[in-house]
Novice: 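Mind looking over this structure? Questions follow.
To find a chain, count down the sequence lines: A is the first, B the second, and so on, and within it residues start at 1. The analysis underlying the following values was restricted to heavy atoms, covering all of them including side chains, and did not include hydrogens, waters or symmetry mates. Not measured: the values here are computed from a predicted model.
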Amino acid sequence: MLQLQAIRENKEALIAALNKRGIDATALLDTVAQLDEQRRATQTQLDATLANANKLSKEIGQLFKTGKAQEANVLKERTTALKEESKTLTDTLNTSAEALQKALYQIPNVPHSSVPAGVTEADNEEIFQEGAIPTLNADALPHWELAKKYDIIDFELGVKITGAGFPVYKGKGARLQRALISYFLDKNSAAGYTEMQVPHLVNEASGLGTGQLPDKEGQMYHVGEDDLYLIPTAEVPVTNLMRNELVAENDFPICYTAYTPCFRREAGSYGAHVRGLNRLHQFDKVEIVRVEHPSESYNALDGMVEHIKTILRELQLPFRILRLCGGDLGFTAALTYDFEVFSTAQDRWLEISSVSNFETYQANRLKLRYKDSDGKSRLAHTLNGSALALPRVLAGILENYQTADGINIPEVLVPYCGFDTIG
RNA sequence: GGAGGAAUGGCAGAGUGGUCGAAUGCGGCAGUCUUGAAAACUGUUGAGGGUCACACCUCCGGGGGUUCGAAUCCCUCUUCCUCCGCCA
């Protein structure tokens, strides 16, 4: 959520920056500015009325105390009108405050200056590429074929017990999955992230805090009876750990990592792009989350990018990094880098990580503040990234490490797996 | 699920109708002392709105009510604790 003060002071600049997302926010920001003004005007009136009533109350108290009940009763009469007035004003105030909140929820984050303008993923900017793309035999298979051949992932079985997009991992497939989770968590811990285990269902306030709510309800599974949401990413519970917190400046950086399953409804696509592990309703992910001092957040973002690079190097997967363009940027992010692994057998890049700086956008919703050295409380910056998302890493490993004799396991994972080939 | 108790500032914890935005302690910040640090001592320190700055307004779990006036009384919801029941 953008800060009102910023909208008041830099409306034109914000409109220009938001334009990078391919949207014209003029009308929305005008509405906000107008509602804001309305709200403040009403607030001023209400404050004056209340100040008046407070003053009278004090006088009445004094009069009663000194035994002048007669005079007190005269003053009492005058408070009646004030009461009604303040009631009306309060109603008006609530109405415009609600409208203001609603309008603010509709404005996405302002893209960072380095974000390229653009509409679709074709406009994303490749900033880095590394790792040799292996040459495979002509009969190399995509991972969904490999999964069947070696009986390590069963998609049909998942359909039977739940539905499409809920695979069952079997035998060495399950073990490899667990190995990846442990490996990622260990890497993240070693890099200074505190490992957390968090609930997989969250309440509405948490969804609002990180920006999944309102307006994007349809993307999350909702448990109606208890009014809880299945998390689409660990970002939600982990970042919300800090909701309504006022931290000390020297608490920074706050670094967490967590493994969770992720649940996404993601209706509406089809074909090879959603085959196999490419897109699922339930998948596993290890997330890293940071809360930072505003002056440090972009250094931290670079650090997160470097950290993820080291993991992919160890796994020896060819990867590239994209700077997302305005049109592809998530609603709450100011700057996002996507990591993609090249899947040789599918001959395409698969997104395996998304690393973002949200600046104060989430913090404003979360009321996540820190006490500055001058004693003022200010909004912190939040960041997060996948380190990493399992299914497509798994797909990349299966496809890129396949040989005529079976699938090799990347060296760093062998101690976690307890085997070095699937064959 | 049943019975009882509780929710107050960054934390702990007083406060049962006006003098309470709220004692005290801890923590934080500044200073004295010290080569430096610690200890000790002194001062300072809740959040939000509003203002150029004051004034002023709001906030004692959420919502509603009583009253001229509510942290304090009433209703309701939520959460936590204790005991009982059930249970991985």
Novice: Could you check how far CG of A/L93 sits from P of B/C57, rounded to whole Å?
Specialist: 16 Å
Novice: With nearest nucleotide decided by heavy atoms, which residue, A/D36 or A/T79, maps closer to the 5′ end of RNA chain B?
Specialist: A/D36
Novice: Could you measure between the two P atoms, the one in B/G85 and the one in B/C74, and give it in whole Å?
Specialist: 32 Å
Novice: I need the CZ-C1' distance between A/R243 and B/G10, as an integer number of Å.
Specialist: 18 Å
Novice: Say you pick atom C1' in B/A37 and the same atom in B/U45; how far apart are they, in whole Å?
Specialist: 24 Å
Novice: Report yes if the distance between the aromatic ring centroids of A/Y298 and A/H112 is under 6.0 Å, otherwise no.
Specialist: yes
Novice: Would you kindly give the CG-to-P distance between A/D251 and B/G27, to the nearest whole Å?
Specialist: 16 Å
Novice: Please state the P separation for the pair B/U35 and B/G48 - nearest whole angstrom.
Specialist: 41 Å
Novice: For B/G63 versus B/C41, give the span between their C1' atoms, rounded off to a whole number of Å.
Specialist: 48 Å
Novice: Report the residue (A/Q62 or A/N94) whose heavy-atom-nearest nucleotide on RNA chain B is the more 5′ of the two.
Specialist: A/Q62
Novice: Please determine if a side-chain N or O atom of A/K83 lies less than 4.0 Å away from the OP1 or OP2 oxygen of B/G69.
Specialist: yes
Novice: Are side-chain N/O atoms of A/T210 and A/Q362 paired as donor and acceptor at under 3.5 Å?
Specialist: no
Novice: Can you check the distance between B/G21 and B/G69, where both ends of the measurement are the P atom (answer in whole Å)?
Specialist: 15 Å
Novice: If we take the C1' atom in both B/G15 and B/A23, what is their distance in whole Å?
Specialist: 8 Å
Novice: Applying a 4.0 Å non-hydrogen cut-off, can you work out what A/R8 is touching in the nucleic acid: base, sugar-phosphate, or nothing?
Specialist: sugar-phosphate
Novice: For A/A48, give me all partners under side-chain contact (heavy atoms from CB on, under 4.5 Å), at least two apart in sequence or on another chain.
Specialist: none
Novice: Return the minimal non-hydrogen interatomic distance between A/E306 and A/K309, and the atom names on each side.
Specialist: OE2-NZ, 3.0 Å
Novice: I'd like the C1' distance from B/G27 over to B/C11, given in whole Å.
Specialist: 7 Å
Novice: Grab the CD1-C1' distance between A/I60 and B/A70 for me, whole Å please.
Specialist: 15 Å
Novice: Between A/L89 (CG) and B/G49 (C1'), how many Å, whole number?
Specialist: 16 Å
Novice: Can you find a pair of side-chain heavy atoms, one from A/L394 and one from A/I153, that are under 4.5 Å apart?
Specialist: yes
Novice: Between B/G10 atom P and A/E245 atom CD, what is the distance in whole Å?
Specialist: 10 Å
Novice: Report which part of the nucleic acid A/T80 touches: base, sugar-phosphate, or nothing (heavy-atom distance under 4.0 Å, all strands).
Specialist: nothing
Novice: In whole angstrom, what separates A/Q5's CD from B/G48's P?
Specialist: 12 Å
Novice: Under the side-chain hydrogen bond (donor to acceptor under 3.5 Å, both in side chains) test against A/T360, which residue among A/R369, A/Q3, A/H381 passes?
Specialist: A/Q3
Novice: For A/T257 and A/E195, indicate whether the former's side chain and the latter's backbone hold a donor-acceptor pair under 3.5 Å.
Specialist: no
Novice: What interatomic distance, in whole Å, is found between P of B/C84 and the corresponding atom of B/C77?
Specialist: 26 Å
Novice: Charged N to carboxylate O below 4.0 Å: is that the case for A/E340 and A/R392?
Specialist: no
Novice: Hunt down any stem RNA chain B takes part in, defined as 3 or more consecutive Watson-Crick or G-U pairs whose two distances are each under 3.5 Å.
Specialist: B:1-7 with B:78-84, B:10-12 with B:24-26, B:27-32 with B:40-45, B:46-49 with B:56-59, B:61-65 with B:73-77
Novice: What is the distance, to the nearest angstrom, from the CD atom on A/Q43 to the P atom on B/A55?
Specialist: 17 Å
Novice: Let's see if you get this right: which residues in residues 46-59 of chain A place a heavy atom under 4.0 Å from RNA chain B?
Specialist: A/D47, A/L50, A/A51, A/N54, A/S57
Novice: Salt-bridge test for A/D91 and A/K87: reply yes if a basic N is under 4.0 Å from a carboxylate O, no otherwise.
Specialist: no
Novice: Is a donor on one side and an acceptor on the other found under 3.5 Å between the side chain of A/N244 and the backbone of A/K367?
Specialist: no
Novice: Ring centres of A/H293 and A/Y370 under 6.0 Å apart?
Specialist: yes
Novice: Would you mind classifying the nucleic acid contact of A/R369 as base, sugar-phosphate or nothing, using non-hydrogen atoms under 4.0 angstrom?
Specialist: sugar-phosphate
